[in-house]
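When a ligand or atom number is given, it counts from 1 through the structure's own listing order. Hydrogens, waters and symmetry mates play no part in the numbers below; they use all other heavy atoms, side chains included.
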Amino acid sequence: MIELKTENELAVLREAGRVVARVLRAVREEAKVGTSLLDLDRLAADLLADAGAKSSFQHYHPRFAPSPYPAVLCTSVNDAVVHGVPTGYRLADGDLLSVDFGASVDGWHGDAAISFVVGEADPADLDLIATTERALRAGIAQARPGNRLGDVGHAIGAIGRGAGYGLLADHGGHGVGRAMHEAPHVPNEGRQGEGLRLRPGMVLAIEPMFLRGGNDDYRHGEDGWTLYTVNGTRAAHVEHTIAVTADGPRILTEL
Ligand code: MF3
Ligand code: CO
């Protein structure tokens, strides 16, 4: 079932989204060559507590995972695509870091992700990130009443495929609300005019995951959570939680 949210509920979702945006900005500022992933996780946990919000990720135990998620951030470095578990690893010059973060306020969730390079960047990584961000914007622009989920997926997928990137297999966005993961699944590829019709009050996390090298495949890391590209090429992931409204898409997870 897809729950349509009221304006009052959207206001609380927006509060959760603001917390998510603030934490991601702080993490980005803190992430330098030499910073450890656990330092970033601790910073996020502290800011979360200050905001009186709760982690959407910590202790989360979906069917696909072998163990409850142990951190508040996902920190995916280089060939890690998503769900990277923070470790003592210290960021090195040129690392491509994707940070995914979710928080709830009064039980309503926000979920967003950013990707960036620390230190001196390989221009090909910057292209990858810029293209993934462009696909996110294009997908969001399609999230209007009367459009369909296929319009969102088509916008994202056409940009990723057009640039020659892989799209992470089996993964996409999702509904967001009183649970971080709700119906519907939001594929990163689709056919225009097909799929679920979008209605005001739907809240969706839209999240392109693009892989350099054109391959869609992944493998699991030994922690059971981290998803890596199969050939060691780098990947980027960006995400916003948005609401479909009569006035068009409303981004809930920006400042
Ligand atoms: N934003 C991520 C997603 O939608 C959530 C991370 S999984 C978790 O898949 F277990 F860390 F919560
Ligand atoms: Co998500």
Side-chain angles (χ1 to χ4, degrees), residues 2-3 13 16-17 19-21 23-24 27-28 37-38 40-42 44-45 48 53-77 80-87 97-105 107-115 132-133 135-136 139-140 143 149 152-153 156 167-188 202-211 216 218 220-228 235-244 249 251-254:
I2 294 164
E3 201 191 0
L13 283 159
V19 173
V20 171
V23 170
L24 285 174
V27 167
R28 184 179 191 142
L37 301 176
L38 278 174
L40 297 178
D41 196 65
R42 250 174 252 127
L48 196 60
K54 292 199 175 112
S55 172
S56 304
F57 294 4
Q58 198 163 34
H59 311 309
Y60 182 62
H61 194 178
R63 274 182 302 274
F64 64 77
S67 54
Y69 194 73
V72 303
L73 292 180
C74 295
T75 51
S76 306
V77 180
V81 190
V82 289
H83 302 171
V85 179
T87 63
L97 175 63
S98 301
V99 182
D100 192 340
F101 181 67
S104 67
V105 169
W108 294 92
H109 293 262
D111 185 10
I114 56 175
S115 288
T132 312
E133 289 174 343
L136 174 59
I140 291 171
L149 272 186
V152 175
I156 295 169
L167 272 59
L168 183 67
D170 310 329
H171 289 76
H174 49 91
V176 180
R178 267 183 278 234
M180 171 175 59
H181 287 147
E182 293 186 349
H185 176 63
V186 181
N188 284 331
M202 286 182 179
V203 174
L204 305 173
I206 298 179
E207 45 181 320
M209 294 158 260
F210 289 173
L211 286 56
D216 298 355
Y218 61 89
H220 286 92
E222 275 169 17
D223 59 24
W225 275 98
T226 311
L227 301 187
Y228 293 95
H237 171 221
V238 295
E239 175 177 17
H240 271 305
T241 301
I242 65 100
V244 179
I251 300 176
L252 302 174
T253 45
E254 64 186 7

remark   = The protein residues that pass the under-4.0 Å heavy-atom test against ligand 1 are F57, Y60, Y69, C74, H83, D100, D111, H174, M180, H181, E207, W225, E239

message = So, taking the atom named CG in L252 and the one named NE2 in H109, what distance separates them when rounded to the nearest 0.5 Å?
response = 14.0 Å

With sequence neighbours excluded, residues passing side-chain contact (heavy atoms from CB on, under 4.5 Å) with H181 = Y60, H174

Has the side chain of [X] got a donor or acceptor atom that lies under 3.5 Å from a matching backbone atom of [Y]?
X	Y	result
N188	G172	no
S115	H237	yes
D41	L73	yes

query = Closest heavy-atom contact between A21 and T253?
reply = CB-O, 3.5 Å

query = What protein N/O/S atoms lie closer than 2.8 Å to the Co ion (ligand 2)?
reply = D111 OD2, H174 NE2, E207 OE2, E239 OE2

query = Would you call the rings of F64 and H83 parallel, tilted or perpendicular, where under 30° means parallel and over 60° means perpendicular?
reply = parallel

query = For H61, does the NE2 atom sit with more than 12 other heavy atoms under 6.0 Å from it, leaving out its own atoms?
reply = yes

key: Selection residues 55-69 - residue pairs positive for salt bridge (charged side-chain N to carboxylate O under 4.0 Å, His left out), sequence neighbours left out   = none

